[in-house]
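Each chain gets a letter, A, B and so on, in the order the sequences are listed, and its residues count up from 1. Source: prediction; values computed, not measured.
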There are 2 protein chains.
Amino acid sequence: MPSLDQFFKAAITVDNVIFGFDDADLKILLIQRGEEPYINKWALPGYFVTEDENLESAAERVLAELTGLTNVYLEQVRAFGAADRHPLGRVITIAYYSLIKINAFQLKPASIAEKVKWHSVSKLDELAFDHKEILDACFSRLKRRVRTRPVGFELLPPKFTLTELQHLYESILETELDKRNFRKKIISMNLLIDLNEMQEGVAHRPAKLYKFDQEKYKEFVASGYSFEI
Amino acid sequence: MPSLDQFFKAAITVDNVIFGFDDADLKILLIQRGEEPYINKWALPGYFVTEDENLESAAERVLAELTGLTNVYLEQVRAFGAADRHPLGRVITIAYYSLIKINAFQLKPASIAEKVKWHSVSKLDELAFDHKEILDACFSRLKRRVRTRPVGFELLPPKFTLTELQHLYESILETELDKRNFRKKIISMNLLIDLNEMQEGVAHRPAKLYKFDQEKYKEFVASGYSFEI
DNA sequence: TTGCGCTAGTGTGAAAATCACACTAAAGAG
DNA sequence: CTCTTTAGTGTGATTTTCACACTAGCGCAA
């Protein structure tokens, strides 16, 4: 048997673009670096992949260490591996993005000690390393994904209004949608369950609450129909 | 400055799904392995990334060593890095696919010595490593890409007929298309140049030859319009 | 208690895109 | 010269997309 010893080896990291939505706009979770290189710059949460760890497990671990969340939507986008992307040596990074319910967790105390903060995707200055490029790739992927898969719901609380859903799509797609046409389309897909509950405590006509119908979506997929917004 | 020495390092490869189209169906170029592991199994062309080499350069190199071709369409799909994907140790691979004009090159003599062969995408048995999974991911990506970018032309000779173009789309999308509707759509995009030449030596009414209009496509992109089939 | 501010919720018609469908034209082969 | 084979062409029905404006119902403050 030949051996791998003769070949060059590189350090591997995963970087995770963690998206959240707070009813106004789309945000990502960034960490302010505490060490060189790029000290004090904001960076994507990421860490080195260990010897026995699958790439996806590593991405899950990064997310869990920061937020405590598990079982979240996670998708690999691609690898970034320019020879000069890391000042300290060759580091290949695999970019993932994840979608979380922004109000469903507390930052872990360990994380708060470092500087961890939500940033609006739309107004971001430079990031450490090639993280801006990684973010852009992940955001583009999300934009495409959200049009053909019902992943948007991952970003909303379990009960939501149609207006919240519309605002979510508007934030991700960076466009305005027509209220009537949007509602017509969503309702016609038959993937929402009307909870027969209302918003409470709002100073205007309260909206109906809905939840996403996982079961219907499974049938939907099984029968070959496709989600399309 | 901290150092990378403390972190686990893995061997990195690129694997390249090289697509070609021979007027009947879509093919990929495979190599029959001459050594363990998976000796005698068919595998995607791929090789280890060297210390100073960008990932994309490595993918280009793999392609060039096999075919002599440069300047071809190449796109990264994603990384495959299951901890157990390689029997000899941890190897992360970055999957690329490329689109080449199947008749525009000769296999390099060095490659012919090894067993290199075109295989129909539709009838493939098992491949070495996780290469079937990689192929599937690349093929899916191509399917999506071909609907929104004019990458199909990369697979055709510079002069082609509308029927050839249609068959190409049918092979990639694994579906049948209506001749009249297909031609209407393609023609209405205004991205083909009618060469005022005809097929020669065919035992039936000869078809007109077209070429893809790179310039028009650039204007097209610049003005924000999108390609859609 | 009334009215104001605010967001929820609802339908129609025009325009565009998609889809299904069948015959004539032109070359080479025999 | 006729047979085989593929090239090339138009229309109408259906579906999808898009633009657009008013009434409903809650909390709040005067």
Using whole Å, report how far OH of A:Y210 lies from C1' of C:dG9. 9 Å

Are B:K184 and B:F182 in a cation-pi contact, defined as NZ or CZ under 6.0 Å from the six-membered ring centre and within 45° of the axis? no

Is A:R33 reaching over with its side chain to a backbone N or O of A:K41, donor-acceptor style, under 3.5 angstrom? no

For C:dT7, does either OP1 or OP2 sit under 4.0 Å from a side-chain N or O belonging to A:T163? no

Sub-6.0 Å ring centroid separation between A:F227 and A:F220: no

Distance, rounded to the nearest Å, where A:R205 contributes CZ and D:dA24 contributes C1': 4 Å

Go through the steps to decide whether A:F139 and A:Y97 satisfy the test ring-ring contact (aromatic ring centres under 6.0 Å, His included), and finish with yes or no. CA-CA 8 Å; A:F139 188 30; A:Y97 74 93; 9.9 Å; no

Rounded distance in Å - CD1 (B:I229) to P (C:dT18): 11 Å

B:D15 versus B:G46, closest heavy-atom pair with distance: OD1-CA, 3.4 Å

With a 4.5 Å limit on heavy-atom distance, are the side chains of A:L55 and A:V49 in contact? yes

Which residue lies more 5' along DNA chain D, comparing A:D178 with A:G201 via nearest heavy atoms: A:D178

To the nearest angstrom, the CD-P distance between B:E164 and D:dT6 comes to 13 Å

Rounded off to whole Å, could you give me the CD1-to-C1' distance for the B:I186 and D:dT9 pair? 16 Å

Between C1' of D:dT17 and CZ of A:F182, the distance in whole Å: 16 Å

Atom NZ of B:K185 and atom P of C:dA20 are separated, to the nearest Å, by 13 Å

Does a salt bridge link B:K159 with B:E197, judged by any charged N lying under 4.0 Å from a carboxylate O? yes

Starting from P on C:dC19, measure out to CD on B:E176 and report it in whole angstrom. 15 Å

D:dT11 OP1/OP2 closer than 4.0 Å to side-chain N/O of B:K184: no

Watson-Crick and G-U pairing of DNA chain C, under 3.5 Å, as dot-bracket with | and [ ]: ||||||||||||||||||||||||||||||

Taking D:dC26, C:dC21, D:dC20 as options, the one with an atom nearest any side-chain atom of A:N181 is D:dC20

It should be established whether B:K179 places a side-chain nitrogen or oxygen under 4.0 Å from OP1 or OP2 of nucleotide D:dT9. no

Look at the side chain of A:R180 and the base of D:dA21, then say whether one donor and one acceptor between them are separated by less than 3.5 Å. yes

Whichever of A:T161 and A:A203 has its nearest DNA chain C nucleotide further upstream toward 5': A:A203

Does OP1 or OP2 of D:dG8 have a side-chain N or O of B:R183 closer than 4.0 Å? yes

